[in-house]
Amino acid sequence: MPEIEKNEGQERYSPAEIEPRWQARWDADAELYRAEDPIAHAGGKPKFYCLEMLPYPSGQLHMGHVRNYSIGDALARFMWMRGYNVLHPMGWDAFGLPAENAAIKNNTPPREWTLSNVAAMRKQMRRMGFSYDWAGTEVTTCQPEYYRWNQWFFLRMYERGLAYRKSSKVNWCPQCCTVLANEQVVNGYCWRHEDTLVEQRELEQWFLRITKYADELLDGLDKLPGWPEKVRTMQRNWIGRSEGTEVEFGVGGDANEKQILRSAQDDNKKGKSGHAGEKIAVFTTRVDTIFGATSIQLAPEHALVKEWAANDSELAKAVETMIAEQKAAKETGDIGNIEKHGVPTGREAVNPFNGERLPIWVANYILADYGTGAIMSVPGHDERDFEFATKYGLPVKRVVAPASSGGASAAAEGAHADSGDLALPYLGEDDAVLVDSGEWTGEASLEAQETMGRFAEERGFGRRTTTFRLKDWGVSRQRYWGTPIPVVYCERCREKHSDDPNAGIVAVPESALPVLLPENVEITQEGGSPLAKLPGFVNTTCPKCGGPARRETDTMDTFVDSSWYFYRYVDAHNAQMPFDSAKVNYWFPIDQYIGGVEHAILHLIYSRFWTKVMRDLGMIRNDEPAERLFTQGMVIKDGAKMSKSKGNVVSPDDMIARYGADATRMYALFAAPPDRDLEWQEEGVAGVSRFLARVHRLVTKFAPVVRTVERGAQDDEITTKAFAAQTPAGANLLRTLHQTIAKITEEFSGRWHFNTCIAAIMILVNEMAAAEAKMDSGEIAAVTIAETARTLVLMLAPFAPFVAAELWEQMGERSGLLREPWPKADAELARESEIEVPVQVNGKLVVVVKLAADADEEAMKAVAQAEEKVRARIAGKTVVKTIVVKGKLVNLVVK
RNA sequence: GCCCGGGUGGUGGAAUCGGCAGACACAGCGGACUUAAAAUCCGCAGACCCGAAAGGGUCGUGGGGGUUCGAGUCCCCCCUCGGGCACCA
């Protein structure tokens, strides 16, 4: 053996000195970056695309980001060491309102403000040591190089009818001075302004036809087992598919004038039209209960109600009150708890199934924008209808009964709520059958839904249909800082084809892209698109006829930007196309996407939609963007989510300055498992920092040993195993080492409980510290220490890359840590030779005995029974039963 | 109201399969080192009771029941906190 030099470990751990030095080195030698084409140089390595959500460049990284990226970076580094070809990119969601607000406040142009924030945050991220390939993949969505492709996609969608313009009621936030998507309205309030109520305005807007993919977006969720069930459920609810039947009820005139009219059937036969032949379409998922309908309920906003209210001031007043009340309820937040009420319209509708005349009401619980805005009210089988009918004394009629009752509830006809068995509506079971339902009586409920739907279709007064809660995605924003919509409006073209309502809309040709967002724009809070005030931008020529035309002045929703940014990462500098399909097909789907659950429906549903559109354009092969999704918990401080308004924000810069980036990110992983909320406690960061100092001191001390051993090992060819066997203390240390490797490797590939990984590393370090003294006494071989120290540093690399790199170098290693293979656990070395077996009497712990790990059940039993404490406990009693679980425990049952 | 998560020492959390509850930390306490402090190192530490101590006993994972030799873990009922949806016909 060569002489072992010793380092007394005088150098103190100083992240402030270590971290910037390594950061500079990584920046300079681009260790973390792709020097060459990562696909061409994959060299047979499997690919791994590790993605974290790109941040909005507010100027400050917050703790939520730090946590998100610490998780992703640990995984990326681990996969790198496991020999994967890793793609780990980062970018900036750089368009959006805060830049405009900042412009108003500080008189700084949004571009300048945004880009300086990007620079500041990029610096923070580098300071954190995150392993992003800045040079190769960084994407900034507000750059024309990026947003021109938003425009390009928009044109592709427009060509295919996936982007269209229509006038409709839209959500308007008076604070943002812009339209919001449905997804951006939270309980009637703006998602950005918690106390600003969203108004409804009638405006011409651009929409993306996401509903075309509603079915696929829904069904695809079943094929995403790598996504959290919670997110999938949220998306299912959001898409809200229900299959049912639309049925047309014929409308009678004013009942007081005794102008009861024909049923819809008659109307259809005679092809009559006009007032008398008006129909009300209702949507129901339970057409089988149609014989139990006892009224028709319309939403206050229903077109017919408007018509009728025009000549009926009383009705008009009632409807107005209802709408006002709903608005008020939204403001207090308890919409949904609002009491059901309504007014009769004095008109009647005819049930096309049985010719029954039903009163038409207007009710406040009917939603105008779902289904047809009208329902058939079946109080016998719907809780809401029941509540309403009970209040107004409308009849409750049962038409479905459990099969077991033999359809015996006929007596219930016309009964009211106070009759015992009708105290609650019957909501149906799988075996329910129809009663009192004409020719369908006796038919199974589920079957009747089918046959009655078909019947309605045959007779021409209905159709089976599917409705969705999901609405098309309104993407127009009356704001400046976003992607210009690449469309012009031409008066001449419109007039030339006055029969086509879309004739005046002319797409900007692809060759003219990008439509650049002008600079030096005055931004005010007054509302209306700021671009509309720029004649130089607005006035243009029509690409079709060459005549004067007006540019679209709305910009795109920023969620367009984030819907496909992760595709751009794989080919960020492509000037010809959004990306090279071959590259996407190599990297996609994303192997792991990591982000906050707050994106569960907005970003994550739009991204899935965009993926399907691109697939149908033939650009990509994958149906879904990401194979696996992980949603991390929130960062909490003093029991509340960190936010400026609550004043409980902890700045990463402060943490770095005080404890270093390593300690900050390692604490973010240590304080809680990543899927749970994390309470930020500064003392905890200090603790991790102390731990790293301890590691630094220990490894620094052992580093010369490692260097010596590494040199010697080549000569002596002595295996670690052989050395380990020499001394019990050495075997113990190596056992812990290999148990730790096994533990961490397993967590990375499954549960991701990095808090327990770090705990395991701490245990190992504690044992190493204890081993220090034993090295001098010869109880532990130097090679054992060296092996342990070296492996420890490798395992630290995903969590604390700076100190790991520093120590790695101290140990005489020259290769970068990411190129070093992840250690392999040796099952033999990890195995326990001795186990502690608890001995119980009647399930209560009496004593713990030490046994050889391979002791069989007989031996365990014998040792347990021989134990003095156990004998004392069972003295004078009979052992009725002995339970022995090999390698686990012994339990004596006594009486 | 409905659907998901949680509830374990003073605190964050551990216990992956029903098998020693409280790993690993933080805060705390005691000791060593120091003129002193900081830093560091070593040790103690769920609660209650008995005992001078060594040690021993009882209780204990939100509450109540159950299954089991044995329950933080499984079943039923309930309380509570957080999140999502909320008249979706």
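Convention: sequence-line order gives letters A, B, ...; per-chain numbering from 1. Note: hydrogens, waters and symmetry copies are ignored here, and every other heavy atom, side chains too, is used.
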* Take A:Arg751 and A:Glu746, measure what salt bridge (charged side-chain N to carboxylate O under 4.0 Å, His left out) needs, and give me the verdict at the end. => CA-CA 8 Å; A:Arg751 241 180 18 152; A:Glu746 194 190 335; over 6 Å; no

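Across all strands shown, A:Asn766 has heavy atoms under 4.0 Å from sugar-phosphate atoms exclusively, and none from any base. If you check every strand for non-hydrogen atoms under 4.0 Å, A:Gly687 touches sugar and phosphate atoms only.
Nucleotide B:C24 forms a pair with B:G12, judged by Watson-Crick or G-U wobble geometry with both contacts under 3.5 Å. With a 3.5 Å ceiling on both atom-pair distances, the Watson-Crick or G-U wobble partner of B:A47 is B:U58. Base pairing annotation: B:A36 forms no Watson-Crick or G-U wobble pair, as no partner gives both donor-acceptor distances under 3.5 Å. When Watson-Crick and G-U wobble pairs are counted only if both distances are under 3.5 Å, B:C41 pairs with B:G31. The partner of B:G1, taking Watson-Crick or G-U wobble pairs whose two distances both stay under 3.5 Å, is B:C85. Under the Watson-Crick or G-U wobble criterion, with both distances below 3.5 Å, B:A71 has no partner in any strand shown.
Relative orientation of the A:Phe461 and A:Phe353 rings is perpendicular, given thresholds of 30° and 60° on the angle between their planes.
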* How does protein contact run along nucleotides 13-20 of chain B, one letter per nucleotide 5' to 3', with B for base contact, S for sugar-phosphate only, - for none, heavy atoms under 4.0 Å? -> SSSB--BB

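A:Tyr370 has a side-chain polar atom (N or O) that falls below the 4.0 Å cut-off from OP1 or OP2 of B:A89. Between A:Arg469 and B:A86 there is a side-chain polar atom (N or O) within less than 4.0 angstrom of OP1 or OP2. Contact annotation: A:Arg232 side-chain N/O to B:C4 OP1/OP2 distance is not under 4.0 Å.
Annotation: of the two residues near RNA chain B, A:Ala693 and A:Ile601, the 5′-most nearest-nucleotide partner is A:Ala693.
Under the rule for a side chain to side chain contact (heavy atoms under 4.5 Å, CB included), the partners of A:Pro15 that lie at least two apart in sequence or sit in another chain are A:Tyr13, A:Glu19.
Side-chain atoms of A:Lys340 come within donor-acceptor range of the base of B:C87, with a qualifying N/O pair under 3.5 Å.
Glycosidic conformation of B:C76 is anti; the angle lies outside 90° of 0. Glycosidic conformation at B:G10 (O4'-C1'-N9-C4 for purines, O4'-C1'-N1-C2 for pyrimidines): anti, more than 90° from 0.
Side chains of A:Gln200 and A:Asn171: a donor-acceptor N/O pair is present below 3.5 angstrom, by distance only.
To the nearest angstrom, C1' of B:U58 lies 8 Å from NZ of A:Lys844.
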